[in-house]
Enquirer: 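Dumping the structure here so I can ask a few things about it.
Proteins get letters first, then strands, A, B, ... in listed order; numbering begins at 1 in each.
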Amino acid sequence: GAVVSQHPSWVICKSGTSVKIECRSLDFQATTMFWYRQFPKQSLMLMATSNEGSKATYEQGVEKDKFLINHASLTLSTLTVTSAHPEDSSFYICSASGTVIVQPQHFGDGTRLSIL
Amino acid sequence: KQEVTQIPAALSVPEGENLVLNCSFTDSAIYNLQWFRQDPGKGLTSLLLIQSSQREQTSGRLNASLDKSSGRSTLYIAASQPGDSATYLCAVTFTGTASKLTFGTGTRLQVTL
């Protein structure tokens with residue numbers, strides 16, 4: 001149980017395009033979803049927290065107009081990287097939890113984003 | 001500032017050895033601590049979760065301990081196997097941060113034949 005599916009697993013696109021990443025909780029209702037970014041050989045850095053039906057809360061230094069997060073249902077959150085540039089290339093991982101004060105978070109398999 | 005640190009950054013051991021990974025955190029006011037495994041290019045697999053009121057948790061060959069007062073946790077892996085090769089991440093939920101996880105920098109483990 002507690003499976004989180006993330007799609008796509010790998011995407012390569014040209015600079016200037018927008019890329020949407022989906023995160024779905026398959027067998028539970030995710031009240032809260034988290035989006036992380038991971039650079040090579042570094043740890044995960046939280047980008048934003050989203051609660052279903054509310055605006056996402058972004059961590060300091062994360063551009064909310066650059067990284068659009070939508071959490072419109074209890075099973076789906078999306079992260080859109082707008083006008084992506086090579087410096088946005090990274091590994092993006094989502095996680096989901098069933099309540100606001102929730103543990104453990106259940107993680108997706110990540111999306112490798114490469115911007116040419 | 002609430003931070004999580006892991007040492008060593010990388011570790012190579014021969015198969016069959018017992019080993020210990022270390023995690024330290026700067027604030028003892030924690031909700032819980034979690035150990036994860038990450039294979040290259042993959043997401044995270046939760047290994048063990050220790051609540052702030054607990055001292056240790058065990059799962060198979062894995063044992064995690066927690067000492068809140070000293071701000072430390074260890075992950076003990078018994079009889080290591082090549083399949084244990086991965087990056088191990090420690091993550092802390094500090095009190096008052098809702099369910100936000102603060103991750104350590106990870107330890108890359110290689111178990112050789």
Enquirer: Show your reasoning for whether side chain to side chain contact (heavy atoms under 4.5 Å, CB included) applies to A:Leu44 and B:Leu44.
Expert: CA-CA 10 Å; A:Leu44 278 73; B:Leu44 304 183; 3.7 Å; yes
Enquirer: So what's closer than 4.5 Å to chain B heavy atoms on A:Glu59: side chain, backbone, both or neither?
Expert: side chain
Enquirer: Going by distance alone, is a donor N or O of one side chain under 3.5 Å from an acceptor N or O of the other, for A:Gln105 and B:Gln34?
Expert: no
Enquirer: Are A:Met33 and A:Tyr58 co-members of a hydrophobic cluster defined by side-chain heavy atoms under 4.5 Å apart?
Expert: no
Enquirer: Could you please state which residues from residues 108-116 of chain A sit under 4.5 angstrom from chain B, measuring non-hydrogen atom to non-hydrogen atom, sorted by number, or 'none'?
Expert: A:Gly108, A:Asp109, A:Arg112
Enquirer: Can you tell which of B:Ser46, B:Ala9, B:Gly106, B:Gly41 has the highest number of heavy-atom pairs within less than 4.5 Å of chain A?
Expert: B:Gly41
Enquirer: Surrounding NE2 of A:His85 (heavy atoms of other residues, nucleotides or ligands, distance under 6.0 Å), is the total greater than 12?
Expert: yes
Enquirer: Around atom CD1 of B:Ile7, are there more than 12 heavy atoms of other residues, nucleotides or ligands at under 6.0 Å?
Expert: no
Enquirer: Would a single hydrophobic cluster contain both B:Leu48 and B:Leu21, if residues Ile, Leu, Val, Met, Phe, Trp and Tyr are joined by side-chain heavy-atom contacts under 4.5 Å?
Expert: yes
Enquirer: Check whether B:Gln38 gets within reach of chain A through its side chain, its backbone, both or neither, counting any heavy atom under 4.5 Å.
Expert: side chain
Enquirer: Can you tell which part of B:Leu89 gets under 4.5 Å to a heavy atom of chain A, answering side chain, backbone, both or neither?
Expert: side chain
Enquirer: Passes side chain to side chain contact (heavy atoms under 4.5 Å, CB included), A:Phe34 versus B:Leu101? Steps please.
Expert: CA-CA 10 Å; A:Phe34 305 84; B:Leu101 286 171; over 6 Å; no
Enquirer: If hydrophobic clusters are built from ILVMFWY residues whose side chains come within less than 4.5 Å, do B:Leu33 and B:Tyr76 share one?
Expert: no
Enquirer: Tell me whether B:Arg37 at atom CZ has more than 12 heavy atoms from other residues, nucleotides or ligands lying less than 6.0 Å away.
Expert: yes
Enquirer: Between OG of A:Ser43 and CZ of B:Phe36, what distance do you get to the nearest 0.5 Å?
Expert: 10.5 Å
Enquirer: Membership question, hydrophobic clusters at under 4.5 Å side-chain separation (ILVMFWY): are B:Val4 and B:Phe103 in the same one?
Expert: no
Enquirer: For the NZ atom on A:Lys66, are there more than 12 heavy atoms of other groups (residues, nucleotides or ligands in this structure) within a distance under 6.0 Å?
Expert: yes
Enquirer: Side chains of A:Leu46 and B:Lys100, heavy atoms from C-beta outward: is any pair under 4.5 Å?
Expert: yes
Enquirer: Going by residue number, which parts of residues 71-81 of chain A are within reach of chain B, meaning a heavy-atom gap below 4.5 Å?
Expert: none
Enquirer: Hydrophobic cluster membership, with links at side-chain heavy-atom distances under 4.5 Å among I/L/V/M/F/W/Y: are B:Leu62 and B:Trp35 in one?
Expert: yes
